[in-house]
Amino acid sequence: MQSNKNITKFYLQGDKSIAIRSLILCLYFKGKHKIKNLPNSDDIKSTLYVFDKIGMDYQLLKNSLFIDSTNIKFNEIEIDCNESGTTARLLIGFFSGININCKIIGRKTLRKRPMDRVIFPLLDAGVNIQSKDNLLPVNIFKSKKLKTINATLIIPSAQIKSSLILYAMSRNGKSIISGNIKTRDHLERMLLDLKYPIKVGKDRIEIVGNKNKSNNININLPGDISSASFLICAALLSKESSIIIKDVCLNRYRMGFLESVIKMGGNIKINNKRNVHGENIGDIHASYTGNLKGITIDKINIPSLIDEIPVISILCLYSNGKTTFKNVEELRVKESDRIKAIIENIKLMNGNAKEIGNDLIIYGNKKLYNTTISDFNDHRIFMSFYIANKIINKNYRFDNNVDCYKKSFPDFLECIDRIIK
Ligand code: S3P
């Protein structure tokens, strides 16, 4: 590691997953809430749109949001989630629970993303929910048959788990969610911190509905580990660079990127670890590493780095040997089919990658060339290959019409320019 004076320091905008959950919880809890370090990314704007639709009393001062939800009422509503899959899936659960007529719509990439994963368990709970081919738009109709949830999760997805928890919060009685629950647990942690009656076991969550309705949320959102992963990748690949990213969310179910990159030999240290309102946070120090090595990432570890596979792919290109990501079928239903998008861009750069079934395999250390990115309208594909191109040629320019990175990381370009100079 280098001496302090050469280290570039970053503070990142708040974590997208936690931000979306805190905004939706303000719809449930009646009180005066404060959310600090709210990101100004497109997905958060799409979530804030619900507040406008229901006439929520709120004020955004710089990046602090002040909300008064004491008098909110829900009527029939139509919500446009734009391109935010998390917003759409979580709101489907939430609005099903409070039992109003509601239509959830989306645009571009979101219209192609499957909603059956939340629709089916909600149908089982008696929700009157309709959609064509289980895609958006989804219509929810008031129902007299709503029950509590008793669901076993097959897909390890935090969106499904959170959607069902948000549904259960508005139903009288105890709901049970079991099966694949070892995914990001921000909502569970926030609820525990707010003293909400939720029990989180090893493979089972129990939650009692319609409790603690009066509550004030007061949260300072930790930096987004998914955004941090792009800066870490740029630092590891850029000669002489050394960065520190302060106050990043280190939720145990989102540690897969850091753990894998450390296994690859990446020069990474985590300092100043602490727990704030139930979430682990810390500072990440990363610096140039010239001798990364390929690894195998097993199925069990995939949920903990599901969003970081595109950016790890770039590190793989600069590693010795091959890297295998096992059973990454969930990548096919993100903003793009990320397996295809990663392989296509790697090939355009003269690299070597392939898919075998649902495994993704990337070979390191080939001579790479600049290319025009095929971004598939996918923020993480664009950001990953932007870094790969910029590492090859610092003057790399891209088509200025691209703005998909603003979905999750509006400051991306400025931050990368501070690392790859
Ligand atoms: C998210 C969960 C993940 C992730 C997405 C955000 C969340 O999706 O890919 O970017 O905030 O719950 P899945 O639940 O589909 O794995």
Side-chain angles (χ1 to χ4, degrees), residues 17 20-21 24 43 46-47 49-50 53 76-171 175 177-181 183-184 187 302-303 306-307 327-341 358 376-379 407:
S17 292
I20 293 176
R21 285 160 173 79
I24 296 179
D43 277 6
S46 305
T47 317
Y49 173 71
V50 187
K53 273 290 205 160
E76 188 158 330
I77 196 171
E78 177 174 318
I79 302 289
D80 179 354
C81 297
N82 204 346
E83 297 226 45
S84 176
T86 308
T87 309
R89 293 188 177 125
L90 269 54
L91 285 181
I92 290 174
F94 177 77
F95 283 121
S96 296
I98 58 167
N99 204 15
I100 54 166
N101 291 335
C102 162
K103 184 172 184 180
I104 307 276
I105 65 172
R107 303 203 201 166
K108 288 197 220 151
T109 60
L110 183 54
R111 284 209 192 140
K112 299 188 198 128
R113 299 182 66 186
M115 294 295 142
D116 45 356
R117 48 188 58 205
V118 290
I119 291 177
F120 289 171
L122 290 170
L123 281 173
D124 283 346
V127 179
N128 183 355
I129 197 167
Q130 292 173 14
S131 78
K132 191 168 173 286
D133 300 327
N134 297 311
L135 298 172
L136 294 182
V138 161
N139 284 294
I140 300 159
F141 300 99
K142 255 177 145 166
S143 161
K144 292 206 167 104
K145 298 186 186 144
L146 298 188
K147 298 182 289 192
T148 51
I149 283 278
N150 192 341
T152 306
L153 304 188
I154 310 295
I155 306 171
S157 156
Q159 290 180 352
I160 307 177
K161 182 178 59 168
S162 300
S163 179
L164 300 184
I165 293 175
L166 289 165
Y167 169 84
M169 286 175 72
S170 292
R171 306 304 337 138
S175 286
I177 302 166
S178 54
N180 260 320
I181 60 163
T183 50
R184 63 190 76 189
L187 182 57
I302 296 299
I306 188 71
D307 290 338
N327 303 86
V328 285
E329 57 273 17
E330 273 295 297
L331 287 193
R332 299 203 187 275
V333 290
K334 294 295 174 192
E335 284 81 341
S336 65
D337 176 342
R338 286 190 177 153
I339 301 182
K340 295 246 172 315
N358 284 319
F376 294 83
N377 224 334
D378 183 331
H379 55 145
K407 186 176 197 295

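Note that this is a predicted model, so its numbers are computed, not measured. Values below: all heavy atoms of this structure, side chains included; hydrogens, waters and symmetry mates excluded.
- The minimum heavy-atom distance between G126 and S143, with the atom names listed, is O-OG, 3.1 Å.
- Using a 4.5 Å heavy-atom threshold, the side chains of I20 and L90 count as touching.
- Taking the salt bridge (Lys or Arg N to Asp or Glu O under 4.0 Å) definition, one finds that K161 meets it with E188, sequence neighbours left out.
- Shortest non-hydrogen contact noted between G179 and T152 is CA-CG2, 3.9 Å.
- With N327 contributing its side chain and N358 its backbone, the two residues share no donor-acceptor pair below 3.5 Å.
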Practice problem: For side-chain contact (heavy atoms from CB on, under 4.5 Å), just list the numbers for M115 and I104, CA-CA rounded to whole Å, side-chain angles, deciding distance to a tenth of an Å, and then say yes or no. | Solution: CA-CA 11 Å; M115 294 295 142; I104 307 276; over 6 Å; no
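- Nearest heavy atoms, G85 versus L110: CA-CD1, 3.5 Å.
- Using modelled atom types, no side-chain atom of T109 and backbone atom of E83 make a donor-acceptor pair closer than 3.5 Å.
- The shortest distance between side-chain heavy atoms of C102 and I140 falls below 4.5 Å.
- With values rounded to the nearest 0.5 angstrom, I339 atom CD1 is found 5.0 Å from L331 atom CG.
- Partners of K53 according to the side chain to side chain donor-acceptor pair (under 3.5 Å) rule, which considers only residues two or more places apart in sequence or in another chain, do not exist here.
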Quiz item: Going through the checks in order, is the side-chain contact (heavy atoms from CB on, under 4.5 Å) test met by I98 and F95?
Solution: CA-CA 5 Å; I98 58 167; F95 283 121; 3.7 Å; yes
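- The shortest side-chain heavy-atom distance between Y167 and V118 does not fall under the 4.5 Å cut-off.
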Practice problem: Carefully, step by step, assess I24 and L91 under the rule side-chain contact (heavy atoms from CB on, under 4.5 Å). | Solution: CA-CA 8 Å; I24 296 179; L91 285 181; 3.9 Å; yes
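- The shortest non-hydrogen separation linking A151 to P121 is CB-CB, 4.4 Å.
- Between atom CD of residue Q130 and atom CG of residue L123 there is a gap of 9.5 Å, rounded to the nearest 0.5 Å.
- Checking each of K108, E335, K407 against N377 for a side-chain contact (heavy atoms from CB on, under 4.5 Å) leaves exactly one that passes, namely K108.
- Considering NZ of K142 and CG of N99, their distance stands at 7.0 Å, rounded to 0.5 Å.
- With hydrogens and angles disregarded, a donor-acceptor distance shorter than 3.5 Å links the side chain of N180 to the backbone of I154.
- Contacts of D337 classified as salt bridge (Lys or Arg N to Asp or Glu O under 4.0 Å), with partners at least two apart in sequence or in another chain: R332.
- Residues V138 and L135 share a closest heavy-atom pair of CG2-O, 3.9 Å.
- Listed by chain and residue number, nothing satisfies the side chain to side chain donor-acceptor pair (under 3.5 Å) test with T148 (two or more places apart in sequence, or in another chain).
- Of all heavy-atom pairs spanning S157 and T183, the tightest one is N-CG2, 3.7 Å.
- D378 pairs in a salt bridge (Lys or Arg N to Asp or Glu O under 4.0 Å) with only one of the listed residues (R113, R338, K340), which is R338.
- One N or O on the side chain of S163 and one on the backbone of R89 form a donor-acceptor pair closer than 3.5 Å.
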Exercise. Let me see the working for I100 and I77 under side-chain contact (heavy atoms from CB on, under 4.5 Å), right down to the final yes or no.
Key: CA-CA 8 Å; I100 54 166; I77 196 171; 3.8 Å; yes
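- Not a single side chain to side chain donor-acceptor pair (under 3.5 Å) links S46 to another residue, sequence neighbours left out.
- To the nearest 0.5 Å, atoms CG (L122) and CD1 (I129) are separated by 5.0 Å.
- The distance from the OG1 atom of T87 to the CD1 atom of I79 is 10.0 Å, given to the nearest 0.5 Å.
- Evaluation of the salt bridge (Lys or Arg N to Asp or Glu O under 4.0 Å) rule for R171 yields no partner, not counting sequence neighbours.
- Taken from CG in N139 to CG in N101, the straight-line distance is 9.0 Å, to the nearest 0.5 Å.
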